[in-house]
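Residue numbers begin at 1 in each chain, while the letters A, B, ... track the order of the sequences. Side chains are part of it too, since the values below use all heavy atoms of this structure and drop only hydrogens, waters and symmetry mates.
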There are 2 protein chains.
Amino acid sequence: MSQVFFDAEKHGNARNRFDAGDMVCVRLAQVLRASLAKDRPVTPPTEPAEPVVKPRVRDAEATKARILDAAKKEFAKNGMGGARVDVISEKAKANKRMIYHYFGSKEGLFQTVLENAYVDIRTAEQKLNLDHLEPKLALERLVRFTWDYYLKNPEFITLVNSENLHRAKHLKKSEIIKVYSRKFVSMVEDILARGVAAGQFRSGIDPVQLNITIAAISYYYMTNRFTGSIVFERDLMAKDALEERLRFNIDTILRLVSAE
Amino acid sequence: MSQVFFDAEKHGNARNRFDAGDMVCVRLAQVLRASLAKDRPVTPPTEPAEPVVKPRVRDAEATKARILDAAKKEFAKNGMGGARVDVISEKAKANKRMIYHYFGSKEGLFQTVLENAYVDIRTAEQKLNLDHLEPKLALERLVRFTWDYYLKNPEFITLVNSENLHRAKHLKKSEIIKVYSRKFVSMVEDILARGVAAGQFRSGIDPVQLNITIAAISYYYMTNRFTGSIVFERDLMAKDALEERLRFNIDTILRLVSAE
DNA sequence: TAAGAAAGTAACCAGTTAGTGCGTTAAATG
DNA sequence: CATTTAACGCACTAACTGGTTACTTTCTTA
């Protein structure tokens with residue numbers, strides 16, 4: 001279905017990349033498809049008597065997924081500029097030509113990886129279901145989640161850093177990101193409002209500033225864990241250090257919002 | 001004097017870079033020299049009657065400084081991996097060969113640039129003279145300084161990010177950084193202690209955690225200003241937005257330390 | 001089952017990039 | 001003034017890098 005978007009590449013002049021508009025469509029389709037990936041139809045059994053699902057020799061979706069996975073790691077490790085297309089194709093066990101077939105260019109691949117990364121974190125956040133929790137608990141849970149997510153998905157941070165080095169030129173083109181972001185901001189807005197109503201939080205706090213601060217105190221710690229460990233002469237990634245920091249972060253946010 | 005270290009390059013096998021130890025010495029010497037740069041002896045006037053200081057055609061220090069300046073900008077703009085040695089030499093109006101003459105390699109150049117950047121910010125911090133200010137004011141002034149410094153020196157942030165992408169391999173080799181860092185931590189430690197003694201701050205706050213948090217809330221905002229402006233659908237670098245954030249940051253830190 | 005479409009491959013290319021060999025010229029030194 | 005030392009520049013290269021051409025193999029469908 002969505003494959004139709006890629007056909008242009010083959011028939012048109014090879015120098016003609018997809019324009020920005022096409023790219024958005026491609027991404028949207030890919031992301032939507034990704035969420036359905038698990039129900040992806042396996043080869044329809046021509047012989048119903050044969051119970052063994054023969055593994056596809058050629059599987060566009062699987063190849064694409066392998067490329068995306070390898071690319072995420074490479075981009076996270078070396079940044080957009082430092083990543084090597086050859087390394088990605090090698091790690092993905094896919095021919096380099098496939099990258100250009102599916103993603104058009106190195107930058108197109110980076111954009112998809114980045115978009116997927118954002119969609120992943122925003123989706124995970126929505127699953128937290130904070131709107132039914134007590135405000136203080138909801139906030140604590142969000143801080144905890146943010147911390148854990150960065151800890152378990154360090155690639156996210158590196159990808160975002162790389163994107164900012166490029167002045168967000170890839171994210172600018174993305175449409176879905178904005179949809180997800182709005183839901184995210186309104187989530188914190190809601191917690192804040194409920195906390196004020198319950199007399200627990202002070203009023204007048206900008207949800208965007210709070211959002212930024214919640215991200216900041218975890219993000220900074222993780223992204224600067226290497227230089228930080230040298231500057232402060234302590235292993236910031238030691239188990240104790242991590243636990244201590246998380247406690248400190250929760251404390252910081254609760255003190256920030258609490259009505260005196 | 002320190003030039004002697006580089007001679008090895010000329011006589012020895014060209015493939016033999018300086019070892020880590022030598023590098024440290026070179027850096028130390030360079031940084032110390034940099035602080036004396038202003039009193040650098042100008043060509044001793046052979047003709048005392050001649051009042052015009054003839055501009056040196058060959059000036060090692062000046063060339064080195066131009067390279068360092070151009071390199072800082074290039075590295076900050078494109079990261080260590082994305083920066084191009086040719087571009088640096090061109091911008092510095094120095095021959096590329098000079099970069100290898102003075103800094104040994106692209107990485108050697110990066111290390112020097114990074115070290116200088118750290119020394120610069122730590123030096124500026126020390127000049128704040130916070131030890132004679134009232135604790136609350138001292139802390140506010142530090143938050144304000146950190147904010148302004150990141151705002152006016154965005155290269156610092158990009159350099160640090162790039163260094164963390166490389167797992168701090170360059171900073172690890174640096175000795176001076178540790179000396180400067182200790183002074184920096186003890187500065188905040190001192191403010192905290194005085195605040196507790198005055199009954200203004202609560203006790204038991206880890207100065208390192210506070211330090212990290214002060215940096216984090218400003219650093220994150222700046223480093224993610226591009227993606228942030230998209231995600232939050234507002235121009236984070238607009239004048240109002242900057243002022244609002246600074247106010248929010250000061251508030252965050254004061255609430256964090258204050259005795260209820 | 002024939003034929004078209006899609007998936008996949010290997011070899012290649014043109015431009016780039018960090019790094020050098022070697023020669024030249026200005027300045028310091030005695 | 002002569003000689004040494006340090007600053008500087010040109011031209012070059014080997015390895016790399018994103019991207020492509022031309023082709024084969026497998027799958028789908030009329």
Side-chain angles (χ1 to χ4, degrees), chain A residues 1-17 41-46 54-67 71 74 78 80-90 92-110, chain B residues 1-7 9-17 41-46 54-67 71 74-75 78 80-90 92-110:
Chain A
M1 273 295 278
S2 68
Q3 221 50 39
V4 75
F5 290 109
F6 291 104
D7 293 345
E9 186 189 17
K10 282 191 163 174
H11 305 313
N13 182 336
R15 283 273 169 207
N16 281 335
R17 300 284 149 58
V42 196
T43 36
T46 2
K54 59 177 172 185
R56 275 206 196 184
V57 182
R58 306 193 153 192
D59 190 330
E61 292 306 317
T63 304
K64 219 179 288 185
R66 282 200 324 276
I67 291 173
E74 250 293 290
N78 303 307
M80 154 79 192
R84 297 294 157 232
V85 177
D86 289 84
V87 173
I88 294 171
S89 71
E90 199 182 330
K93 276 168 194 162
N95 192 281
K96 184 167 61 157
R97 193 65 189 77
M98 291 294 96
I99 291 176
Y100 292 92
H101 182 60
Y102 291 128
F103 304 100
S105 66
K106 187 186 178 184
E107 289 209 28
L109 177 58
F110 180 79
Chain B
M1 273 296 279
S2 68
Q3 221 51 39
V4 76
F5 289 108
F6 290 105
D7 292 346
E9 183 190 19
K10 283 189 164 175
H11 307 312
N13 182 334
R15 284 275 167 206
N16 280 337
R17 301 283 149 59
V42 196
T43 36
T46 2
K54 60 177 172 186
R56 276 204 195 186
V57 180
R58 302 191 157 194
D59 190 329
E61 292 305 318
T63 304
K64 220 180 285 185
R66 281 200 324 276
I67 291 173
E74 250 294 288
F75 283 135
N78 304 308
M80 154 80 192
R84 298 295 159 231
V85 178
D86 289 85
V87 173
I88 294 172
S89 70
E90 199 182 328
K93 278 169 193 162
N95 193 281
K96 185 167 63 157
R97 196 70 190 76
M98 290 296 97
I99 291 176
Y100 292 91
H101 182 62
Y102 291 128
F103 304 100
S105 66
K106 187 185 177 183
E107 289 209 29
L109 177 59
F110 180 79

*Kindly determine whether A/L109 and A/K106 satisfy side chain to side chain contact (heavy atoms under 4.5 Å, CB included), including the steps that lead there.*
CA-CA 5 Å; A/L109 177 58; A/K106 187 186 178 184; 5.7 Å; no
*When only distance counts, do a donor and an acceptor, one from the side chain of B/R97 and one from the base of C/dG21, lie under 3.5 Å apart?*
yes
*asked:* I'd like to check the side chain to side chain contact (heavy atoms under 4.5 Å, CB included) partners of B/N95; sequence neighbours left out, ordered by chain and number.
replied: B/R97, B/M98
*Per the atom types in the model, does the base of D/dG9 pair as donor or acceptor with the side chain of B/K96 at under 3.5 Å?*
no
*asked:* With a 4.0 Å cutoff (strictly under), does any side-chain N or O of B/R84 reach OP1 or OP2 of C/dT17?
replied: yes
_Separation of A/I88 CD1 from A/K96 NZ (nearest 0.5 Å)_ = 11.0 Å
*Between C/dG19, C/dA10, C/dT25, which nucleotide gets closest to the side-chain atoms of B/R58?*
C/dT25
*Given atom CD of B/E90 and atom P of C/dT17, what is their separation to the nearest angstrom?*
12 Å
*Round to the nearest Å and state the distance from A/L109 atom CG to D/dG19 atom P.*
10 Å
*Measure the distance from CD on B/E61 to P on D/dC8 and round it to the nearest whole Å.*
10 Å
*Of the listed nucleotides D/dA6, C/dA18, D/dG19, the one nearest the side chain of B/V85*: C/dA18
*Give a yes/no answer on whether the side chain of A/T63 brings an N or O atom under 4.0 Å of OP1 or OP2 in C/dA7.*
no
_Distance in angstrom units between B/K64 NZ and D/dA7 P, rounded_ = 7 Å
*D/dC10 C1' sits how many Å from B/Y100 OH, rounded?*
16 Å
*Say you draw a straight line from NZ of A/K64 to NE2 of A/H101; how long is it, rounded to the nearest 0.5 Å?*
8.0 Å
*asked:* Using heavy-atom distances to pick each residue's nearest nucleotide on DNA chain D, tell me which of A/D86 and B/K93 is more 5'.
replied: B/K93
*Between B/H101 and D/dC8, is there a side-chain N or O to OP1/OP2 distance below 4.0 Å?*
no
_Rounded distance in Å - CZ (B/F103) to P (C/dT20)_ = 16 Å
*Distance in angstrom units between B/I88 CD1 and C/dG19 P, rounded*: 11 Å
*Taking atom P of C/dA7 as reference, at what distance in whole Å does atom CG of A/D59 sit?*
9 Å
*Are any side-chain N or O atoms of A/E74 and backbone N or O atoms of A/R84, one a donor and one an acceptor, separated by less than 3.5 Å?*
yes
